[in-house]
Amino acid sequence: MCRHLGYLGPPVPLGRLLFDPPHALATQAWAPRDMRGGGTINADGFGAGWWPPGAAAPVRHRSAMPIWTDTTLPTLAAVTSSRAVLAAVRSATVGMPVVESAAAPFTDGRWLFSHNGVIRGWPSAVAAMARDLPVEDLLTLDAPTDSAFLWACVRARLRSGEPPSKAVAAVVGEVVAVAPGSRLNLLLNDGHQMIATTLGHALSIRPGRGSTLISSEPLDAGTAWQSVPDGQLVVATAAEVEITPLFSAQR
Ligand code: GLN
């Protein structure tokens with residue numbers, strides 16, 4: 001089920017995340033190692049969002065095609081550097097459309113968002129949650145998919161001023177309450193902070209000296225990678241990473 005990654009730190013060429021490492025995101029698209037809970041390859045589209053130098057908001061490239069069929073991207077990625085990135089490759093859940101607009105990252109303003117997993121009982125299980133969203137948000141969903149719906153829910157909370165970690169954890173909590181068994185690895189990046197959850201899928205982090213990488217699977221065999229246990233909330237900047245239980249009482 002989908003693979004995603006986020007980066008914060010000194011500018012790096014996108015190629016160093018997407019193509020160059022032995023287990024880069026493009027490799028995870030056709031040879032993932034840890035696809036818990038379904039799917040075999042991630043061939044139903046891909047996307048990357050990044051901040052150009054000095055830009056206040058990210059730019060995004062998405063496609064409904066497998067990442068390995070884009071013959072231009074490796075060259076562009078080699079010469080495009082950014083200090084903040086969110087990229088994903090997609091394995092569409094059965095019944096969901098394979099279209100460009102269903103590929104992560106979803107974006108609004110400075111935010112980039114991705115979801116790895118599935119909402120069980122979609123869409124009826126979350127119909128009551130949908131009723132609480134602004135009608136305009138529902139009418140302008142990127143695609144009729146669980147992931148686009150999750151982004152609408154998180155975005156509504158962010159817009160109302162909720163801290164990002166609270167917004168992400170609250171949406172996961174709400175969905176699990178009405179759709180038990182859902183797999184909800186979410187990833188949010190605003191260019192300065194990343195929020196990630198583990199619920200049902202693999203996730204690893206590589207905290208470094210002034211840079212942080214979060215990825216469904218480690219990009220290489222480096223010993224700095226740490227696997228994040230299930231049921232955790234990761235809050236990361238380039239400088240530090242904090243991991244706490246997703247459903248802790250304090251939040
Ligand atoms: N359910 C989402 C979709 O179809 C995400 C799928 C995934 O994680 N493989 O887009």
Side-chain angles (χ1 to χ4, degrees), residues 1-6 18 23 25-49 60-68 86-108 111-127 129-130 138 140-155 168 171-172 174-176 178-189 194-204 214-217 228 230-232 234 246:
M1 290 260 167
C2 303
R3 305 285 81 177
H4 55 206
L5 68 75
L18 303 182
H23 200 56
L25 191 67
T27 309
Q28 293 179 38
W30 57 268
R33 292 182 179 139
D34 196 0
M35 295 277 279
R36 302 170 195 177
T40 47
I41 59 166
N42 299 288
D44 300 320
F46 68 92
R60 175 183 63 181
H61 172 60
R62 292 193 293 184
S63 167
M65 300 296 285
I67 191 168
W68 61 84
L86 194 156
V89 290
R90 180 171 182 235
S91 166
T93 297
V94 173
M96 296 195 184
V98 178
V99 289
E100 179 187 308
S101 58
F106 302 98
T107 188
D108 191 9
W111 299 103
L112 293 169
F113 175 85
S114 167
H115 162 232
N116 163 211
V118 63
I119 294 180
R120 294 284 173 226
W122 168 264
S124 45
V126 286
M129 277 181 74
L138 286 173
T140 56
L141 275 189
D142 274 39
T145 65
D146 52 0
S147 302
F149 172 73
L150 286 166
W151 170 230
C153 294
V154 171
R155 183 179 61 176
V168 168
V171 169
V172 171
E174 270 187 81
V175 172
V176 166
V178 295
S182 292
R183 294 173 175 271
L184 301 168
N185 278 35
L186 311 189
L187 181 60
L188 184 70
N189 191 343
M194 296 189 284
I195 313 291
T197 61
T198 52
L199 201 68
H201 282 293
L203 193 74
S204 289
I214 296 179
S215 178
S216 296
E217 301 181 8
V228 181
D230 207 45
Q232 305 299 305
V234 181
L246 188 46

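Counting convention: from 1, in listed order, for ligands and their atoms alike. Being a predicted model, the structure only gives us computed values, none of them experimental. In this chain, numbering begins with 1 at the start of the sequence shown.
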Answer yes or no: does an N/O atom from [X] fall short of 3.5 Å to an N/O atom of ligand 1?
X	value
Ala92	no
Asn116	yes
Val118	no

Phe149 vs Trp122 aromatic rings, parallel, tilted or perpendicular, using cut-offs 30° and 60°?
tilted
Worked check of side chain to side chain contact (heavy atoms under 4.5 Å, CB included) between Asp108 and Trp151
CA-CA 10 Å; Asp108 191 9; Trp151 170 230; 3.7 Å; yes
May I ask whether Thr145 places a heavy atom under 4.0 Å from ligand 1?
no
OG (Ser204) and CG (Leu5) are apart, to the nearest 0.5 Å, by 11.5 Å
Numbering as shown, the atoms of ligand 1 that approach Cys2 to under 4.0 Å (heavy-atom distance)
5 (C), 6 (C), 7 (C), 8 (O), 9 (N)
Distance filter under 4.0 Å to Arg90 heavy atoms, resulting ligand 1 atoms:
3 (C), 4 (O), 10 (O)
Taking non-hydrogen atoms only, is Thr93 closer than 4.0 angstrom to ligand 1 via side chain, backbone, both or neither?
both
Walk me through whether Asn116 and Arg183 qualify under side chain to side chain contact (heavy atoms under 4.5 Å, CB included).
CA-CA 7 Å; Asn116 163 211; Arg183 294 173 175 271; over 6 Å; no
Holding to side-chain hydrogen bond (donor to acceptor under 3.5 Å, both in side chains), I want the full list of residues that pass it with Glu100, two or more places apart in sequence or in another chain.
none
Between the side chains of Asp230 and Arg36, is the shortest nitrogen-to-carboxylate-oxygen separation below 4.0 Å, so that they form an ion pair?
no
